[in-house]
Amino acid sequence: MSPFVCTPLIPDTPLLPRKPRFKRATAIRCRAAPAPGDAALRAFRVHHVAGHSLAANPALLPALAACARLLTAAAEAEQIHALLVKSGLPSSVSGVYASTSLARVYARLGRLGDARKVFDGMPERTLVSWNVLLDGLVRAGDLDAAWEMFVEMPERNVSSWNTVMAGFVRHGWAQEAVELFTEMTEVYGLTPDETTMVGFVSAVRSLGLLGFGRSAHGYITRREFSLDGALGVALINMYTRCGCMGAAYQCFSSVISKNVEHWTSVIGGFAAHGHSEMALKLFAEMRQLGVKPNGVTFVAVLNACSHGGLVDEGFRYFNLMRGMGIRPLIQHYGCLVDLFGRAGFLEEAFNLASSLPEEQGFVMWSSLLAACQTHGNVDMAEVAAQKLADTEPSHGSSYVLLSNAYARAGQWDDLKRTRSRMEEHRVVKKPGLSWIEVDGSVHSFVTADKLHTESKDIYHMLEDLKLNLMSAGSKPETFDLPEV
DNA sequence: TTAGGGTTAG
């Protein structure tokens, strides 16, 4: 295959005309003379070409910072590294900044071995150098190694704690992140800064600890931390995940300088909770104010359309996105499949889903399977369930969704067969969990469990609620399930 | 002059 042809992540479907490719000549010219796109890299080159020594090049550290930020400038970083080695700068004491910055570039590129080599070669290390390496381990997902390093570091500051905490949250260790916060503040008496609060709020968001989230918000307000950056986004997201759209919107409104992520978070929140009109109204407002949406914003917008049954609008937004030069990803196509499926256009949903790469299709086929259940198409449900099982064979939800579809269609023999196949393959469906936080402790429940210490009182309360609902005229939807 | 932060399809 020609190196000049980009392989699209998603194969184009008839819906989506193929994008024009770059002209061959343009690609060759770019390759022959790669001009650094970043201002700092350009400045570095200007000084270097003018014959300035590395130590006298004011753009050295900004250029390395750019390499760390861009993640596409590995070649430039290597060139600067070579120049540093040649100049002898990294081994001099004044080179501690350059070496730390260089180690950071490799750490950010995921080249931990190279980062470690630079670090090991440093005659003098600062706490920042340690934190850079710590961050590299955290980003690579080697949390055990990161923890080991964190414990053994000669000293630690708030940044070290923040680095580990953010890493824990990013890799799903939210509970550990909360514990880390408690230890940092209560045992070590350190004062949290804005970054600490971003990590903490993100952790309590993952765990659904609304009470902790509210306390954190209070603390943030008292400290007069700005909500203009990541902190505002984290707070909006925390309220959204806890189902408090009122608080999320209030928080959003209090952000003075709103960026695309603030807008995306609040739009995504309203979309997820079924308030499609509000989500789309906010999207229009955002554009009117000149904030440019990104691919994630469009996931939120398309989600609003699918939850609101707005098929035509969904396609209009999808085309708008492509018109803005944003390449659709599997999430966007997933929204379209969901949009078709929920609205009952099962054939269209199926055709679109079938045209996409299978390995990323788990969520998409689940949504289609759910749509087949809703609209009573058992034949298609069987195919979708098979696709799901192909993607993740040990996942129980495909069997459960399929048996639900059989139940809805009254095909009890097929339902029995599916359940026995599940047993044969020893597939266990992980039960969905609900939880509620009362006075700082989290109480979790699965369907029909009696493990909670106050289980008896809870079931009494449920009975009361049920009676109240019935007397108010509510009728539950029931099926006559046979013994399986 | 070098470190740590946020949004994504069921």
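Values below: all heavy atoms of this structure, side chains included; hydrogens, waters and symmetry mates excluded. Convention: sequence-line order gives letters A, B, ...; per-chain numbering from 1.
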Students often get this wrong, so: under 4.0 angstrom with heavy atoms, is [X] touching a base, only sugar-phosphate, or nothing?
{"X": "A/Ser366", "value": "base"}
{"X": "A/Gly229", "value": "base"}
{"X": "A/Phe298", "value": "nothing"}
{"X": "A/Ala370", "value": "nothing"}
{"X": "A/Val164", "value": "nothing"}
{"X": "A/Thr163", "value": "sugar-phosphate"}

Is the shortest side-chain N/O distance from [X] to OP1 or OP2 of [N] below 4.0 Å?
{"X": "A/Arg104", "N": "B/dA3", "result": "yes"}
{"X": "A/Arg139", "N": "B/dG5", "result": "yes"}
{"X": "A/Asn303", "N": "B/dA9", "result": "no"}
{"X": "A/Arg241", "N": "B/dT7", "result": "no"}
{"X": "A/His307", "N": "B/dG10", "result": "yes"}
{"X": "A/Asn294", "N": "B/dT8", "result": "no"}
{"X": "A/Arg170", "N": "B/dG5", "result": "yes"}

N/O donor-acceptor pair under 3.5 Å between A/His48 side chain and A/Phe44 backbone: no

For atom [atom1] of [X] and atom [atom2] of [N], their distance in whole Å:
{"X": "A/His332", "N": "B/dT7", "atom1": "NE2", "atom2": "C1'", "value": "12 Å"}
{"X": "A/Glu358", "N": "B/dA9", "atom1": "CD", "atom2": "P", "value": "21 Å"}
{"X": "A/Arg125", "N": "B/dT2", "atom1": "CZ", "atom2": "C1'", "value": "15 Å"}
{"X": "A/Leu231", "N": "B/dT7", "atom1": "CG", "atom2": "P", "value": "13 Å"}
{"X": "A/Leu336", "N": "B/dG10", "atom1": "CG", "atom2": "C1'", "value": "15 Å"}
{"X": "A/Leu134", "N": "B/dA3", "atom1": "CG", "atom2": "P", "value": "14 Å"}
{"X": "A/Leu339", "N": "B/dG10", "atom1": "CG", "atom2": "P", "value": "11 Å"}
{"X": "A/Leu64", "N": "B/dT1", "atom1": "CG", "atom2": "C1'", "value": "11 Å"}

Does A/Tyr219 have its ring centroid less than 6.0 Å away from the ring centroid of A/Phe212?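 Between A/Tyr219 and A/Phe212, the centre distance exceeds or equals 6.0 Å.
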
Do [X] and [Y] sit within salt-bridge range, that is, some charged N less than 4.0 Å from a carboxylate O?
{"X": "A/Arg316", "Y": "A/Asp312", "result": "no"}
{"X": "A/Glu285", "Y": "A/Lys258", "result": "no"}
{"X": "A/Arg108", "Y": "A/Asp135", "result": "yes"}

Nearest-neighbour nucleotide for the [X] side chain, [options] considered:
{"X": "A/Glu261", "options": "B/dA3, B/dT7, B/dA9", "result": "B/dT7"}
{"X": "A/Ser202", "options": "B/dG6, B/dT2, B/dT8", "result": "B/dG6"}
{"X": "A/Val128", "options": "B/dT2, B/dT1, B/dT7", "result": "B/dT2"}
{"X": "A/Val132", "options": "B/dT7, B/dA3, B/dG6", "result": "B/dA3"}
{"X": "A/Leu61", "options": "B/dT1, B/dG5, B/dA9", "result": "B/dT1"}
{"X": "A/Tyr97", "options": "B/dA3, B/dT2, B/dT8", "result": "B/dT2"}
{"X": "A/Arg205", "options": "B/dT2, B/dG6, B/dG10", "result": "B/dG6"}
{"X": "A/Thr100", "options": "B/dT2, B/dG6, B/dT1", "result": "B/dT2"}
{"X": "A/Val233", "options": "B/dG6, B/dG10, B/dT8", "result": "B/dG6"}
{"X": "A/Thr126", "options": "B/dG10, B/dG6, B/dT2", "result": "B/dT2"}

Side-chain H-bond candidate by donor/acceptor type, A/Ser160 with A/Thr163, under 3.5 Å: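 No, no side-chain donor-acceptor pair sits under 3.5 Å.
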
Side chains of A/Thr240 and A/Asn237: any donor to acceptor distance under 3.5 Å?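 No, A/Thr240 and A/Asn237 have no side-chain donor paired with an acceptor closer than 3.5 Å.
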
